[in-house]
Amino acid sequence: MRGTSRLILANIWVAVLAFGAAAAMALMQALSRANLQVPLQSARMYYMSVTAHGVLMALVFTTFFIMALGYAVAEQENGEIRWPKFAWAAFGLGVVGVALAAWAILTFRASVLYTFYPPLQAHPAFYIGLTLVVVASWGWCASIIASWREARQKNPGKPVSLAMHATTANAMLWLLATVGVAAEMLLQLIPWSLGLVDRIDPLLARTLFWFFGHPLVYFWLLPAYAIWYAVIPREAGGKLFSEPLARMVFALFLILSTPVGLHHQFQDPGISASWKLFHTFNTMAVSFPSLLTAFTVVASLEIAGRLRGGTGLFGWIRKLPWGNPVVSSVLLAGLMFMVGGFGGAVNAAYTLNSVVHNTAWIAAHFHLTVGTAAALTFMGGCYWLVPKVSGRELELNLLAKVQPYLWFLGMICFSFTGHIAGLMGLPRRVFMTSFGGSPQALAWEGLTTVSAIGGVLLFASAGFFVLVMLGTLLAGKRIPKEPLVWAEPLEVPVGGFHSTVWDRLGVWFVVAVVLAAIAYVGPLYEILQLERFGSPGFKPF
Amino acid sequence: MKIDLYERIWAGGVVVMLALFFGSIAVGAVGRNQHPPSHIETIDPTAVMSDARFATQGVRVDDQGQVHVWIVGLTFVWLPSELVIPADTPITFHVTSVDVTHGFSIVRTNGQTMVLPGYVSQFTTKFAEGEYLIACNEYCGLGHHDMAATLQVVPRDQWLAGNDATADLPVSDPMGLAPQTAEGSHARH
C-alpha cells in the first residue's frame, strides 16, 4: 500500500533528523568532558545539550524508528495496517509533541535532562510535548494490536509471523510501561509546572518514572531482537535456529520487564530494602530471555556461516557477510551487547550498585545497550528497510559499509573508558571533571581524553548514517519496491506451526499487569503512607 | 513445543548462573545484612535549617559513642564542605537537601546515597586513612560539577585529640564492615 509506505517513511524521517541533531550535541559533550575548549562552551550550553541528546536519542529517534518498523511489519502481515488515518493523526500529534519539547529544550527552558527528576522544574511545554509523544505512541500501539488481531482472525489456529508477534508484544509492553510516566506527567509534573499545585513529591515522581524507565529499555530492545531473529538469519544466508523458543522469549519480556524498576532506585531513601531486593530477583529473571536470545541468534549465524562454506569450530565466523552493513551492524551490536549485558547485571546487583550508581559507568553501560545493541541495529535496520519501502536504492554504499565499524570502534573508546572511570568514581553528567584539582579527579584525565576520541569517531559514524539516509531518501536510484521477507525456521513441522500458549499475548498482557501490580502496590503504598511535605520547583539552569 | 537439546543445556546453564547471581546477593543481604541505603524518614525541605539535627552540620558523637555526620546539600555546595572523621570507625551519615535532588557520593568508596528534598538519607560505613573527594553525582543545575566537599580520614588518636573528645569510640562493629579506601572500595578487606 502506497499510503502505508509514506507513513513508514515519515516516521523514518523524524527518526533520522532527531538522530542527526542528537549526535551533534554529543560531540560537544565528549570534547567538553575531556576539558577541551569547544566553541560556545558553557555549563548552560552543556546541560542543555545533554538534555537534548537524551530526549532526541532515547525518546524520539528510538520511538519513531520503532513505529516505522512496526507499521512495516503489520503491513507485511495483512497487506495493510489497521486504522491508517488514526495512525497518521498519531504521527502528527507526535511531531507536534517533539516540536514543543524541542522548543523548550533549545531555548534553555528545560535543562532537566531526559530523566526530568523534580523538583527541577522545566517549562510546561516540555512536559506537555513529551506527553503528546507518548499519546501518539499509544495510537501506534492500537493500530499494531488491531492489525495483530486481524491476522489472528484470518488464520485461526496459525501463529502470526515472529516479527508480528514481537512487535505486538512490544506494543503491549509499552502500553503497560507508559502508565507510569503518564501518571507522573498528568498527576504531578504538568499541574505543578503550570502552577496549579505548589509542591511535588520527588520520590513518588521517581518511582513512577522508573515504573516506565526500565520497560522503556525493553521497548528499545525488542524491535532490535525482532531484527536479529526475523531478518538477520536470512540476510546472512542462513535460517532461524529455533522459532518456537523465540515466541516464548517475547512473551517473557512482556511479563517480566516492568516489575524491576526499583533497581534504578537502590540508592533512594524512602523505599524499603525488601522491595528493592524483590525487584533485584525479578531483574535477574528478565535476563533469562535475553540469554536465550543470545544462543538462538548465534546458532542461526552459525548455520549461515556453514551454509556459506565455513568449517571448523570458528571458521564459520569468517564466512559471515561482514561487508553487508545490515549484517555487520547487528554482529557488532551483538558483540557489544554481551559486554553491556554483564555490566547490567552489576548495576542490578543490589549492593554492588553502590559502587557504580550515577557514575560514568552507567552512561557507558547504556551506550552499549540502547546506544549500540538497539541504535546500531536500528541503523542496520534502516539500510534494510528504507530501500524496500521507498523504492530507492541505498546510496553512498561505501559510507554505509564503514559506518558500523566506526560506531563499534568509537563505542569501545567511549564506553570502555567510561566503565573504568566510573569504577574510579567519576560522576555521570558533569560539565567539567576537574573538581578543583582533587587528586582523585586527576586520575580520570587520560580516560576522559580517550572517551572524547570515541565521541569524535561516533560523531563521524552518525554523520555517515545520516548522509546515507538523506542520499537514499532524496536521491536514491528508483528500484521496484520489495516486500519484507522473514527468515525461515530451520525446522518446520509437517503442516506448519500451530498456535501455542506463547502466541496468546492477550493472556500474557494480563499476567504482566498482575506482576506489575504485585511489584508496585507495596512500595507505592509505603510512600503514600508517609507524611510527605513535597517540594517547590527550582530552575537552577 | 520442540526444544533442541543444545538449547535445553544452554537454558539450564543460564538458570544456574542467574541463581548463583541472586543467591550471592541474597546471602549478603540476609546473612550479612548488606543493603543499599533505604532509610525511611521524611522532613519538611523548607524547614531543614530549623531542625535541630541539621541546623548545625558536621560530625557529632552520640551518647553511645557512635559517630554521626550531619550533612545538608544545596545548589551547589555540601554543608559542611570539609569533614574530618576517625579511621576504622563506623560512621553514620545523615543527608538531606533544602532544594533539588542531589547525589551524595564519596568517590571511590561505596559510601553514597541519593538525597531527595523531603527525605532523610542515611548509611553507615567506615574508612581507612586518607583524603576523599565528596562529589554530587545527580545533576542539580548549572553548578553541579562544582558541588564538592572533602573528607579527611585521620587516625583515631589524632581525631580524638583534635576533637578534645573523651568518648570511647567503638572499634569493632556488628556489621563487620570492611574499611573504604581512597584507592577503591574493593582494594582492602
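Order of the sequence lines sets the chain letters (A, B, ...), proteins ahead of strands, with each chain counted from 1.
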Could you tell me which portion of A/P118 (side chain, backbone, both or neither) has an atom closer than 4.5 angstrom to a non-hydrogen atom of chain B?
backbone
Quick one: is the NZ or CZ of A/R44 closer than 6.0 Å to the six-membered ring centre of A/F108, and within 45° of its axis?
yes
Applying a strict 4.5 Å limit to non-hydrogen atoms, the region of A/E526 in contact with chain B is side chain
Given 3.5 Å as the limit, does a donor-acceptor pair link the side chain of A/H264 with the main chain of A/W210, or not?
no
How far apart are the C-alpha atoms of A/K239 and A/E491, what are their side-chain angles, what is the distance that settles it, and do they pass the salt bridge (charged side-chain N to carboxylate O under 4.0 Å, His left out) test?
CA-CA 9 Å; A/K239 296 191 170 191; A/E491 289 176 49; over 6 Å; no
Quick check on the structure: residues of residues 143-153 of chain B within a heavy-atom distance below 4.5 Å of chain A, by number.
B/H144, B/H145, B/M147, B/A148
Are a donor atom and an acceptor atom from the side chains of A/T293 and A/Y229 found within less than 3.5 Å of each other?
yes
Between chain A and each of B/D4, B/T42, B/V15, count heavy-atom pairs under 4.5 Å; write down the option with the most.
B/T42
Turns out that what part of B/I43 lies under 4.5 Å from chain A's heavy atoms comes down to backbone
At a 4.5 Å cut-off on heavy atoms, which part of A/A345 comes close to chain B: side chain, backbone, both, or neither?
side chain
Taking atom CZ of B/R60 as the centre, report whether more than 12 heavy atoms of other residues, nucleotides or ligands fall under 6.0 Å from it.
yes
Any idea how A/F435 and A/W444 line up, ring-wise: parallel (<30°), tilted (30 to 60°), or perpendicular (>60°)?
perpendicular
What part of A/L426 gets within 4.5 angstrom of chain B, counting heavy atoms only: side chain, backbone, both, or neither?
neither
Are the side chain of A/K539 and the backbone of B/G141 linked by a donor-acceptor contact shorter than 3.5 Å?
no
In terms of heavy-atom pairs under 4.5 Å, which option from A/Y46, A/F533, A/F431, A/F241 contacts chain B the most?
A/F533
Worked check of salt bridge (charged side-chain N to carboxylate O under 4.0 Å, His left out) between B/D44 and A/R532
CA-CA 8 Å; B/D44 185 346; A/R532 293 172 306 132; over 6 Å; no
Which bit of B/V120 comes within less than 4.5 Å of chain A, counting heavy atoms only: side chain, backbone, both or neither?
backbone
At a heavy-atom distance under 4.5 Å, which candidate from A/N358, A/L113, A/V430 has the highest pair count against chain B?
A/N358
Is it the side chain or the backbone of A/V501 that comes within 4.5 Å of chain B heavy atoms, both, or neither?
neither
If you round to the nearest 0.5 Å, how far is CZ of A/F209 from CG of A/L204?
14.0 Å
Using modelled atom types and a 3.5 Å cut-off, is there a donor and acceptor pairing between side-chain atoms of A/R199 and backbone atoms of A/G534?
yes
For the interface with chain A, which of B/L133, B/T75, B/V95, B/T113 has the highest count of heavy-atom pairs at distances below 4.5 Å?
B/L133
Does the side chain of A/I527 come within less than 4.5 Å of A/T207's, by heavy atoms?
yes
Heavy-atom pairs under 4.5 Å with chain B are the metric here; pick the option from A/P493, A/S42, A/P119, A/A43 that has the most.
A/P119
Pair count under 4.5 Å, heavy atoms only, with chain A: among B/G103, B/P36, B/C136, B/G28, highest is B/P36
Top contributor to chain B interface from A/Y350, A/F538, A/F541 [non-hydrogen pairs under 4.5 Å]
A/Y350
Can you tell me which portion of A/S272 sits under 4.5 Å from chain B's heavy atoms? Options are side chain, backbone, both or neither.
both
Would you say A/T51's side chain and A/Y47's backbone share a donor-acceptor pair under 3.5 angstrom?
yes
Would you mind checking which part of B/Y6 comes under 4.5 Å of any heavy atom in chain A, side chain (CB onward), backbone (N, CA, C, O), both or neither?
both
Close side-chain approach of A/F266 to A/S354, heavy-atom, < 4.5 Å
no
A/Q121 portion near chain B, given a 4.5 angstrom heavy-atom threshold:
neither
Side chain / backbone / both / neither for A/L277 at chain B, heavy atoms under 4.5 Å
both
For chain A, which residues of residues 46-59 of chain B have heavy atoms nearer than 4.5 angstrom:
B/T46
Quick check: do B/T92 and B/V69 have side-chain heavy atoms less than 4.5 Å from each other?
no
Can you see whether A/Y117 has A/R206 sitting over its ring - NZ or CZ less than 6.0 Å from the centre and within 45° of the normal?
yes
Look at B/G118, B/P37, B/A11, B/G13 and state which one has the largest set of heavy-atom pairs under 4.5 Å with chain A.
B/P37
Honestly, the part of B/D99 sitting under 4.5 Å from a heavy atom of chain A is both
Between A/R429, A/M424, A/M432, A/K276, which residue shows the highest count of heavy-atom pairs closer than 4.5 Å to chain B?
A/M424
What part of B/H35 lies closer than 4.5 angstrom to a heavy atom of chain A: side chain, backbone, both or neither?
both
Main chain of A/Q267, side chain of B/Q112: is a donor-acceptor contact present, judged purely on distance under 3.5 Å?
no
Does a sphere of radius 6.0 Å around CZ in A/F281 hold more than 12 heavy atoms from other residues, nucleotides or ligands, not counting ones at 6.0 Å or beyond?
no
Flag, side chain of A/T296 to backbone of A/L292, donor-acceptor distance under 3.5 Å
yes
Looking only at A/T280, A/T433, A/T359, A/T283, most heavy-atom pairs under 4.5 Å shared with chain B are made by A/T280
Check whether A/D201 gets within reach of chain B through its side chain, its backbone, both or neither, counting any heavy atom under 4.5 Å.
side chain
When rounded to the nearest 0.5 Å, the distance separating CG of B/N137 from CD1 of B/I106 is 11.0 Å
Do other residues, nucleotides or ligands put more than 12 heavy atoms under 6.0 Å from the CD atom of B/E41?
yes
Using modelled atom types and a 3.5 Å cut-off, is there a donor and acceptor pairing between side-chain atoms of B/T89 and backbone atoms of B/A87?
yes
